[in-house]
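For reference, the structure is listed below as structure tokens.
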Protein chains: 2
Amino acid sequence: MTAEARDRYHHGDLRNALLEGAVQLLAEGGVEAFTLRELARRVGVNHRAAYRHFEDKRAILAAVAADGYRALAAKMRAAVEASERDEQLERLLSMGRAYIEFGVDERARYEVMFGPRLNEDGRFPDLEAAISESVRVLSAELRRVAPDVPKEKIRDSGIAFLSAAHGFVTLRLTRRVRARRELLPSYATTVLRPVVRGIIDDLAATA
Amino acid sequence: MTAEARDRYHHGDLRNALLEGAVQLLAEGGVEAFTLRELARRVGVNHRAAYRHFEDKRAILAAVAADGYRALAAKMRAAVEASERDEQLERLLSMGRAYIEFGVDERARYEVMFGPRLNEDGRFPDLEAAISESVRVLSAELRRVAPDVPKEKIRDSGIAFLSAAHGFVTLRLTRRVRARRELLPSYATTVLRPVVRGIIDDLAATA
DNA sequence: ACCTGAACACCGTTCAAGT
DNA sequence: ACCTGAACACCGTTCAAGT
């Protein structure tokens, strides 16, 4: 280890170095290939050093997942904010595309966000908060579509929307969607449009 | 090991004993907790014995996944066959409920079916075939809705349907859906109905 | 405060045998 | 044919120390 590297870690950068290394390691071989010792090797520290910043291996994965949800929420928010104010179908489609793009582009983080059973027990409240933040971006947008509908209805619509978006990402990542036209960015819109239309019509009928 | 048990294995039952033990082990702690050595311990054989029936650990998971897809296809088929002949919305909803029920009831197998990166390389053609079989059940049903639509359109609709169904299962299994009313069997229908209606309307508009 | 190194009880997989 | 047992190169985590 260079003196410069040692200084960085002594100033608290090891935590970030570990998180960045984790994402890279996960990108290469998925959660199965992610080991504490290999991560430490790459970052250039003894494998015990990670325990200074994370309680255990799962805590590193939980931190990666929480970062992922925050980045996802930001991307979803940016997508709707860049859309026309009164085109509800297009606004929601734009958010759906943002979601799917995130999942495909950030495969390593995305798989951790939905993969291992991280929030079985009540550990990792930071992860819970990050998940809630991303759900709130969606709920706020659905509320614009139907301002006077009961909140359970908004929640049901949000679950339908997230189901479709997450499901599509999964089909992409597991290569169930792989024909040439299905890999085009526009294909997500082709698949989502009828679904989102159905959700909007249903909200309108309830109002 | 009892003499009786040894006889069973010598007559080729070890393979099934391993598969059954694997599902149980997976149910307890997910893929992370699934180890060859623990599996062998439970079945009562040396851990090397598994290699007589499976090339490696991944091959056991692939066999569990393939069995899962075959069971899922059977359940989906039974659901539509029990439905009214000319109620297309209800037929598809019934199939969606069957899918979701399978995912929730058979969590261990379901997670393996979508979890680890099993079909990265072209290994496990039996798994590929089982996946195709379950997709075919859905395509046949969508074809009934729109007999004259191009086959790409059927495929797109199938992907939308599967996205929603798989996504919903994931939200259940990761406990993003957990309020009391959301755990009722009927809740799947509540969420799926607008989505399926959107897909059917879209197919009808194309025809 | 922050990092290391040896030790422990586990893995999956290979090799060489046993019946 | 079918199963075993020792060995190898790995794990995550704990304990006791080093600077």
Side-chain angles (χ1 to χ4, degrees), chain A residues 1-19 21-22 25-26 28-65 112 115-118 120-121 123-124, chain B residues 1-19 21-22 25-26 28-65 112 115-118 120-121 123-124:
Chain A
M1 179 162 51
T2 65
E4 188 201 67
R6 198 183 55 244
D7 281 0
R8 274 203 299 132
Y9 299 154
H10 273 275
H11 290 311
D13 214 6
L14 178 55
R15 192 191 143 89
N16 279 322
L18 288 167
L19 287 177
L25 198 50
L26 287 160
E28 288 171 28
V31 200
E32 306 155 80
F34 173 69
T35 71
L36 258 179
R37 293 172 103 114
E38 175 61 21
L39 172 59
R41 241 173 261 132
R42 295 197 178 197
V43 173
V45 294
N46 183 282
H47 67 277
R48 278 286 310 141
Y51 285 87
R52 204 49 57 177
H53 299 277
F54 298 97
E55 218 182 324
D56 56 17
K57 187 187 175 183
R58 276 159 62 88
I60 301 182
L61 291 174
V64 168
V112 173
R117 304 182 186 180
L118 288 174
E120 286 282 75
D121 30 22
R123 271 182 91 188
F124 313 127
Chain B
M1 177 164 46
T2 64
E4 188 201 66
R6 197 184 54 243
D7 279 1
R8 275 203 298 131
Y9 300 154
H10 273 274
H11 290 312
D13 213 6
L14 177 55
R15 193 191 143 89
N16 280 321
L18 288 168
L19 287 178
L25 199 49
L26 287 160
E28 288 170 29
V31 199
E32 307 155 80
F34 173 70
T35 70
L36 257 180
R37 292 172 104 112
E38 175 62 20
L39 173 59
R41 243 174 261 131
R42 295 198 179 196
V43 173
V45 294
N46 184 283
H47 68 276
R48 279 286 310 141
Y51 285 87
R52 204 47 59 178
H53 300 278
F54 298 98
E55 217 181 324
D56 55 17
K57 187 186 174 181
R58 278 159 61 87
I60 301 182
L61 290 174
V64 168
V112 172
R117 303 182 185 181
L118 287 175
E120 286 283 74
D121 31 21
R123 270 183 92 187
F124 313 128

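We name chains A, B, ... by the order of the sequence lines, and we start the count at 1 in each one.
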Distance, nearest 0.5 Å, that separates [atom1] of [X] from [atom2] of [Y]:
{"X": "Arg52(B)", "Y": "Asn46(B)", "atom1": "CZ", "atom2": "CG", "result": "11.5 Å"}
{"X": "Leu25(B)", "Y": "Leu18(B)", "atom1": "CG", "atom2": "CG", "result": "11.0 Å"}
{"X": "Arg15(B)", "Y": "Asp13(B)", "atom1": "CZ", "atom2": "CG", "result": "11.5 Å"}

Basic-acidic side-chain contact under 4.0 Å: Arg42(A), Glu28(A):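 A salt bridge links Arg42(A) with Glu28(A).
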[X] [atom1] - [N] [atom2] separation (whole Å):
{"X": "Arg58(A)", "N": "dG12(D)", "atom1": "CZ", "atom2": "C1'", "result": "13 Å"}
{"X": "Glu32(B)", "N": "dT13(D)", "atom1": "CD", "atom2": "P", "result": "11 Å"}
{"X": "Phe54(B)", "N": "dG12(C)", "atom1": "CZ", "atom2": "P", "result": "15 Å"}

Nearest heavy-atom neighbours spanning [X] and [Y]:
{"X": "Ala22(B)", "Y": "Val64(B)", "result": "CB-CG2, 4.1 Å"}
{"X": "Arg58(A)", "Y": "Arg123(A)", "result": "NE-NH1, 3.7 Å"}
{"X": "Ala40(B)", "Y": "His47(B)", "result": "CB-CA, 3.4 Å"}
{"X": "Ile60(A)", "Y": "Leu36(A)", "result": "CD1-CD2, 3.6 Å"}
{"X": "Ala17(B)", "Y": "Val43(B)", "result": "O-CG2, 3.7 Å"}

Would you tabulate the pairs of protein nitrogen or oxygen atoms and nucleotide nitrogen or oxygen atoms of nucleotides 8-11 of chain D closer than 3.5 angstrom?
| residue | atom | partner | partner atom | Å |
| --- | --- | --- | --- | --- |
| dC11(D) | OP1 | Arg41(A) | NH1 | 3.4 |
| dC11(D) | OP1 | Arg41(A) | NH2 | 3.4 |
| dC11(D) | OP2 | Arg41(A) | NH2 | 2.7 |

Side-chain N or O of Asn46(B) closer than 4.0 Å to phosphate OP1/OP2 of dC3(D):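 Indeed not, no polar side-chain atom of Asn46(B) lies that close.
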Under the 3.5 Å Watson-Crick or G-U criterion, the dot-bracket string of DNA chain C, with | for inter-strand pairs: ||.|||||...|||||.||
Base versus backbone protein contacts along nucleotides 14-19 of chain C [heavy-atom cut-off under 4.0 Å; B, S, -]: BB----
Flag side-chain contact, heavy atom, 4.5 Å: Leu61(A) against Phe124(A):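 No; the side chains remain at least 4.5 Å from each other.
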